[in-house]
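Before any comments, here is the structure.
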Amino acid sequence: MVNCISVLGSTGSIGRQTLDVAQRLGIPVCALTAGSNVERMEEQCRAFLPRLAVMATEELAQALADRLEDLPIQVLSGKEGLLAAATMEEADTVITAVVGMVGLEPTLAAIRAKKRIGLANKETLVCAGELVMAEAARWGAEIIPVDSEHSAIFQCLAGCRDMAQVRRLILTCSGGPFFGKTREELKYVTRADALRHPNWKMGAKITIDCATLMNKGLEVIEAMRLYGLPLEQVSVVIHRQSVVHSLVEYTDGAVLAQLGSPDMRLPIQLALTWPDRTACPAPELDLLTCGPLSFDKPDVETFPCLSLAMEAARAGGTAGAVLSGANEVAVGLYLLDQIGFYDIPALVRRAMDKVPFVAGPDLGQILEADRLARESVCQNAGG
Ligand code: NDP
Ligand code: MG
């Protein structure tokens with residue numbers, strides 16, 4: 001069990017569930033970081049009394065500091081604040097629950113400070129997975145996935161002594177709110193339709209990613225990086241019930257799966273207690289009522305984001321950063337009702353065609369690819 005945690009992105013969906021788990025387990029919290037939600041951050045600071053609180057901008061940090069005058073909590077802002085929270089001395093574990101590329105540098109900083117990383121921020125591994133995993137190996141920092149599929153795989157691999165004995169990883173995918181729909185039907189779906197996920201309640205960006213299936217594409221790359229496997233050894237199967245969280249097929253044909261009710265507190269808690277387990281507030285799985293369990297092939301014609309992600313996975317280099325950066329901006333525009341559903345893959349495609357590819361990139365080249373991808377989407381979104 002960990003002694004003290006730092007939660008990056010504490011006001012979000014994963015962040016709040018992390019604090020719920022920490023409170024139940026009695027784990028102290030030494031740093032909290034948020035983007036813009038000052039009100040929720042004040043509540044969390046009063047409830048958890050961290051030593052450090054961070055907001056995205058100086059203005060928001062000042063607003064928080066004004067509200068927290070009566071408490072001995074240091075308030076910082078921006079990247080400097082995130083890095084301070086990620087490397088805080090008393091934290092032995094850092095939960096990376098910010099959304100998007102902003103999580104990359106703090107994650108690298110936490111790794112270099114030898115923290116255990118409870119990794120929810122999948123964009124980090126999509127953009128710079130090779131770099132992140134190499135740094136983790138170099139500094140001996142443990143990365144425990146929080147994403148439910150990767151937590152399932154992590155658990156199914158627990159007894160595996162040699163990755164050569166793994167034939168493939170099988171990621172399950174709920175199919176999102178638009179499973180079974182045609183391309184024609186999806187042309188005019190609204191953001192409200194896309195935000196209605198059948199099984200999980202999550203932040204807005206990942207919910208849209210689930211509707212386009214980009215989320216599963218990002219998760220394929222996340223799995224490749226976490227477990228050092230090529231694309232050919234990672235497959236995706238649609239599983240509407242979100243009961244089987246993912247599977248590992250071994251070379252002898254044995255297939256191991258982790259099942260559970262769809263509640264992120266289970267994988268979050270595991271990242272805090274591993275290798276131990278303890279009671280969790282997630283509802284128990286009732287095998288007599290959770291089925292029947294179905295498995296289908298993903299429809300990559302209707303959901304082209306999945307193929308784009310596969311293409312980026314195959315290319316490696318800066319392709320993941322371009323895919324993820326372009327997608328982040330496109331999803332942001334979709335959430336503002338400025339573009340349509342199929343503009344998301346179209347804009348990602350254009351960015352992938354336009355931004356120069358770099359093999360084996362360093363951090364600077366990854367950040368530059370991300371910047372160019374974002375620029376490409378902004379330039380093309382209007383026309
Ligand atoms: P949310 O949108 O709910 O939360 C995101 C958090 O990041 C909030 O605390 C937000 O602050 C903060 N944030 C946003 N932008 C910035 C910024 N520019 N600088 C600093 N902080 C920022 O997202 P989720 O919790 O759903 O997802 C978090 C990560 O976990 C994502 O990478 C997602 O893919 C992954 N994940 C999420 C799952 C889920 O069930 N939700 C499941 C598996 C993975 P504020 O709200 O104050 O603006
Ligand atoms: Mg997932």
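To the nearest 0.5 Å, atom OG of residue Ser77 and atom CE of residue Met55 are 10.0 Å apart. Rounded to the nearest 0.5 Å, atoms CD (Glu149) and CG (Asp147) are 5.0 Å apart. Taking CG from Asp209 and SG from Cys305, the interatomic distance works out to 8.0 Å, rounded to the nearest 0.5 Å. The CG atom of Asp370 sits 10.5 Å away from atom CD of Glu123, with the distance rounded to the nearest 0.5 Å. To the nearest 0.5 angstrom, Ile153 atom CD1 is 11.5 Å from Leu256 atom CG. Note: Thr33 OG1 to Leu8 CG = 5.0 Å, rounded to the nearest 0.5 Å.
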Show your working on side chain to side chain contact (heavy atoms under 4.5 Å, CB included) between Ile144 and Leu270 and close with a plain yes or no.
CA-CA 8 Å; Ile144 312 230; Leu270 200 75; 5.8 Å; no
Mind running side chain to side chain contact (heavy atoms under 4.5 Å, CB included) on Leu363 and Leu104 for me, showing each step along the way?
CA-CA 10 Å; Leu363 180 62; Leu104 175 57; 3.7 Å; yes
Given the rule in the salt bridge (charged side-chain N to carboxylate O under 4.0 Å, His left out) test, do Lys205 and Glu328 qualify, once you have shown the distances and angles that lead to the verdict?
CA-CA 8 Å; Lys205 192 244 171 194; Glu328 234 186 284; 5.5 Å; no
Let me see the working for Glu43 and Arg67 under salt bridge (charged side-chain N to carboxylate O under 4.0 Å, His left out), right down to the final yes or no.
CA-CA 10 Å; Glu43 281 168 24; Arg67 287 168 179 244; over 6 Å; no
Worked verdict on Arg167 versus Tyr250 for side chain to side chain contact (heavy atoms under 4.5 Å, CB included)
CA-CA 5 Å; Arg167 189 182 288 157; Tyr250 284 88; over 6 Å; no
Arg116/Asp92 under side chain to side chain contact (heavy atoms under 4.5 Å, CB included): CA gap, chis, key distance, verdict
CA-CA 6 Å; Arg116 171 186 278 201; Asp92 50 10; over 6 Å; no
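At a threshold of 4.0 Å, the pair Lys216-Glu219 counts as salt-bridged, since one of the basic side-chain nitrogens sits closer than that to a carboxylate oxygen. With respect to the salt-bridge test (charged N to carboxylate O, under 4.0 angstrom), the residues Asp20 and Arg265 qualify. A salt bridge is absent between Arg314 and Glu232; no separation between the charged side-chain nitrogens and carboxylate oxygens falls under 4.0 Å. At a threshold of 4.0 Å, the pair Glu311-Arg349 counts as salt-bridged, since one of the basic side-chain nitrogens sits closer than that to a carboxylate oxygen. A salt bridge does not link Arg225 to Glu222: none of the charged side-chain nitrogens sits closer than 4.0 Å to a carboxylate oxygen.
Side-chain atoms of Asp276 and Thr273 form no donor-acceptor pair, as typed in the model, at a separation below 3.5 Å. Using modelled atom types and a 3.5 Å distance limit, the side chains of Thr11 and Gln44 yield no donor-acceptor pair. Asn121 and Thr124 share a side-chain donor-acceptor pair at under 3.5 Å. A donor-acceptor pair shorter than 3.5 Å can be found between the side chains of Thr182 and Glu185.
You'll find the side chain of Lys115 stays beyond 4.5 Å of the side chain of Glu142, heavy atoms only. In this structure, Met41 and Val38 have side chains that are not in contact, with every pair of non-hydrogen atoms separated by 4.5 Å or more. The shortest distance between side-chain heavy atoms of Leu287 and Leu285 falls below 4.5 Å. Annotation: side chain of Leu308 is in contact with side chain of Leu323 (closest heavy-atom distance under 4.5 Å). Contact of the Glu249 side chain with the Leu247 side chain is not registered, since no non-hydrogen atoms from C-beta on lie closer than 4.5 Å. Here the side chains of Glu135 and Val132 are not in contact, with every heavy-atom distance at 4.5 Å or above. Residues Val94 and Thr107 form no side-chain contact, since every pair of their non-hydrogen atoms from C-beta on lies 4.5 Å or further apart. Between Asp263 and Gln17 the shortest side-chain heavy-atom distance falls below 4.5 Å.
For residues 46-59, the side-chain hydrogen bond (donor to acceptor under 3.5 Å, both in side chains) pairs, not counting sequence neighbours, are Glu42-Arg46, Arg46-Asp70, Arg51-Glu90.
Contact between Ala330 and Val377 at its shortest, heavy atoms only, is N-CG1, 4.0 Å.
Listed by chain and number, the residues in a salt bridge (Lys or Arg N to Asp or Glu O under 4.0 Å) with Arg277 amount to none (sequence neighbours excluded).
Under the 3.5 Å distance criterion, the side-chain polar atoms of Arg240 are matched with a main-chain donor or acceptor of Gly176. In this structure, the side chain of Thr318 does not engage the main chain of Ala369 through any donor-acceptor pair within 3.5 Å.
Residue Val300 is grouped with residue Met224 when hydrophobic side chains (ILVMFWY) are merged at heavy-atom distances under 4.5 angstrom, including chains of intermediate members.
Heavy atoms of other residues, nucleotides or ligands lying less than 6.0 angstrom from CD of Glu130 number 12 at most.
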Distance-only donor-acceptor hits, side chain of residues 331-345, under 3.5 Å, sequence neighbours excluded:
| unit_1 | atom_1 | unit_2 | atom_2 | d |
| --- | --- | --- | --- | --- |
| Tyr334 | OH | Val189 | O | 2.9 |
| Tyr334 | OH | Thr190 | O | 3.1 |
| Tyr342 | OH | Thr302 | O | 2.8 |
| Asp343 | OD2 | Gly340 | N | 2.7 |

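Tested against Cys45, the residues Ile73, Leu52, Val29 include a single side-chain contact (heavy atoms from CB on, under 4.5 Å) partner, Ile73.
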